[in-house]
*Asks:* 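Quick one: the structure is below, and I'll ask about it shortly.
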There are 2 protein chains.
Amino acid sequence: MNIGEAAKATGVSAKMIRYYESIGLMPKVVRTGAGYRVYSSNDLHTLRFIRRARDLGFAIESITRLLRLWQNRSRSSSQMKSVTTEHIGALRQRIAEMESMVRTLEHLAKHCHGDLRPECPILDDLAKPDTKAAPAKARSRPGVFRAVRA
Amino acid sequence: MNIGEAAKATGVSAKMIRYYESIGLMPKVVRTGAGYRVYSSNDLHTLRFIRRARDLGFAIESITRLLRLWQNRSRSSSQMKSVTTEHIGALRQRIAEMESMVRTLEHLAKHCHGDLRPECPILDDLAKPDTKAAPAKARSRPGVFRAVRA
DNA sequence: ATGGGGTTTCCCATGATGGCAGGGTTGATG
DNA sequence: CATCAACCCTGCCATCATGGGAAACCCCAT
């Protein structure tokens, strides 16, 4: 099975398959004499695993852990659960931040006439001369926010 | 006012101030003979505007539009409102996606014992042999998800 | 044997941000 | 006046996951 077929079969682009291999997320697969990658059904299984984890918003780093647990017969389900609940927590936090933005924006938009006049409370708010910076928030792991492969 | 003072006064890091200038979001400010940037209270006002817009999750591209409207006396509030509602829509969509992830993850985690045994429904789900790819979603503008400056 | 459609590697770009290095400036103190 | 710390400048690199493209190579069918 070529990389293109593997891509079609798993929903992971060839580009990403190579990338996952390059960063050690996927094991190096067998090559033909000419250097073409060859995928076994086992490899396809791993790729689908990765895709599903990405779809659930797991960062690559977490997927590395998930894969290790998957292949580790002496794992404990508590390890799986902790990776998962940690991720849920990160998602929830991010959702809360975004909901707070939405609330503010809606409040502002509600009071904006949306007509031909230039006055606009949204602008007034952004242009307020004295507001303090938002409280510093933890730098969020990007993986959490981009589970969506176009 | 030096860039460092401007940074303290506005909550935008010096690095970002230079960056905003380099991409044309901020106008080029006056320089001293030695090349130091000098910030007027007008410039500070603009920087605070930018920071607040970032805190609300607007992408740089949208902030460019917001700034133009701010400085355009013949703007209409409907233009402001449309930039805003568009942004609200993007946030809402992303929130919905993440909530869907959370729902799935919680469902899986709920059925995971979290003990010393290796069986885990989370793993079972990720390792399912036949699931289809998630429906293709619109590539999301990164700006929407990272309003949080550390 | 030729061509079209695979594949390989390598480099570049994204967006917003931080970090570092190497060099110039400024102001205060000895 | 010399020195030193604390600024500032530019430029480059890194992040994270992903796509795009080029140049070269390979495989198969006509």
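Each chain gets a letter, A, B and so on, in the order the sequences are listed, and its residues count up from 1.
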*Asks:* If I take atom CG in residue A/Leu25 and atom C1' in nucleotide D/dT18, what distance separates them, rounded to the nearest angstrom?
*Replies:*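 So the CG-C1' distance, A/Leu25 to D/dT18, works out to 14 Å.
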
*Asks:* Does a side-chain N or O of A/Ser13 approach OP1 or OP2 of D/dG19 to a distance below 4.0 Å, or not?
*Replies:*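 For D/dG19, OP1/OP2 do have a side-chain N/O of A/Ser13 under 4.0 Å.
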
*Asks:* Between the two ends of the helix from C/dA1-D/dT30 to C/dG30-D/dC1, what is the bend in degrees, rounded to 10 degrees, where each end axis spans five pairs?
*Replies:*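 What I find for the helix from C/dA1-D/dT30 to C/dG30-D/dC1 is an axis angle of 40°.
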
*Asks:* Got a list of side-chain donor-acceptor pairs under 3.5 Å for residues 24-34 of chain B, not counting sequence neighbours?
*Replies:*
residue	atom	partner	partner atom	Å
B/Arg31	NH1	B/Gly35	O	2.8
B/Thr32	OG1	B/Ala34	N	3.3
B/Thr32	OG1	B/Gly35	N	3.4
B/Thr32	OG1	B/Tyr36	N	3.1

*Asks:* Return the value, rounded to whole Å, for the distance between atom CD1 of B/Ile63 and atom P of C/dA16.
*Replies:*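 These atoms are roughly 8 Å apart.
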
*Asks:* Just how far, in rounded Å, is C1' of C/dA16 from OH of B/Tyr19?
*Replies:*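 Going from OH in B/Tyr19 over to C1' in C/dA16 covers 6 Å.
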
*Asks:* Between B/Tyr36 and B/Lys15, who's closer to the 5' end of DNA chain D by nearest nucleotide?
*Replies:*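 Its nucleotide being nearer the 5' end, the pick is B/Tyr36.
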
*Asks:* In whole Å, what is the span from the CZ atom of A/Arg54 to the P atom of D/dC16?
*Replies:*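 After rounding, the reported distance stands at 12 Å.
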
*Asks:* Rounded to the nearest angstrom, tell me the gap between atom CE in B/Met1 and atom P in D/dC7.
*Replies:*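 So the two atoms are 14 Å apart, to the nearest Å.
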
*Asks:* Atom OH of B/Tyr20 to atom P of C/dG15: distance rounded to whole Å?
*Replies:*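 In whole Å, C/dG15 P lies 13 Å from B/Tyr20 OH.
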
*Asks:* Categorize A/Arg37 for me: base, sugar-phosphate, or nothing, with a 4.0 angstrom heavy-atom threshold over every strand shown.
*Replies:*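 Answer is sugar-phosphate: A/Arg37 comes under 4.0 Å of backbone atoms only.
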
*Asks:* Measure the acute angle between the ring planes of A/Phe49 and A/Trp70, then classify it against the limits of 30° and 60° as parallel, tilted or perpendicular.
*Replies:*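 Rings of A/Phe49 and A/Trp70: parallel, as their planes differ by under 30°.
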
*Asks:* Taking the minimum atom-to-atom distance to the side chain of B/Ala34, which one of D/dG21, C/dT25, D/dA17 wins?
*Replies:*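 So the side chain of B/Ala34 is nearest to C/dT25.
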
*Asks:* In whole angstroms, how far is the C1' atom of D/dA17 from the CD1 atom of A/Ile50?
*Replies:*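 In whole Å, D/dA17 C1' and A/Ile50 CD1 are 13 Å from each other.
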
*Asks:* Check whether A/Arg54 reaches the backbone of A/Phe58 with its side chain - one donor and one acceptor, N or O, closer than 3.5 Å.
*Replies:*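 Judged by distance alone, yes, a pair lies under 3.5 Å.
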
*Asks:* Enter the distance from B/Asp125:CG to B/His107:NE2 here, rounded to the nearest 0.5 Å.
*Replies:*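 Atom-to-atom, B/Asp125:CG and B/His107:NE2 are 8.5 Å apart.
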
*Asks:* So, A/Asp43 versus A/Thr46: side-chain donor-acceptor pair below 3.5 Å or not?
*Replies:*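 Absent: no donor and acceptor within the cut-off.
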
*Asks:* If we ignore angles and hydrogens, is there a donor and acceptor under 3.5 Å between the side chains of A/Asp115 and B/Ser77?
*Replies:*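 Looking only at side-chain atoms, B/Ser77 and A/Asp115 do form a donor-acceptor pair, the distance falling under 3.5 Å.
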
*Asks:* Let me know the distance between CG of A/Asn2 and P of C/dG6, rounded to the nearest Å.
*Replies:*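 It is 10 Å, rounded to the nearest whole Å.
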
*Asks:* So, B/Ser74 and B/Asn72: side-chain donor and acceptor under 3.5 Å apart, yes or no?
*Replies:*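 Their side chains do contain a donor-acceptor pair, which is all the 3.5 Å distance test asks for.
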
*Asks:* Between B/Arg18 and C/dG19, does any side-chain N or O lie under 4.0 Å from OP1 or OP2?
*Replies:*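 Indeed not, no polar side-chain atom of B/Arg18 lies that close.
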
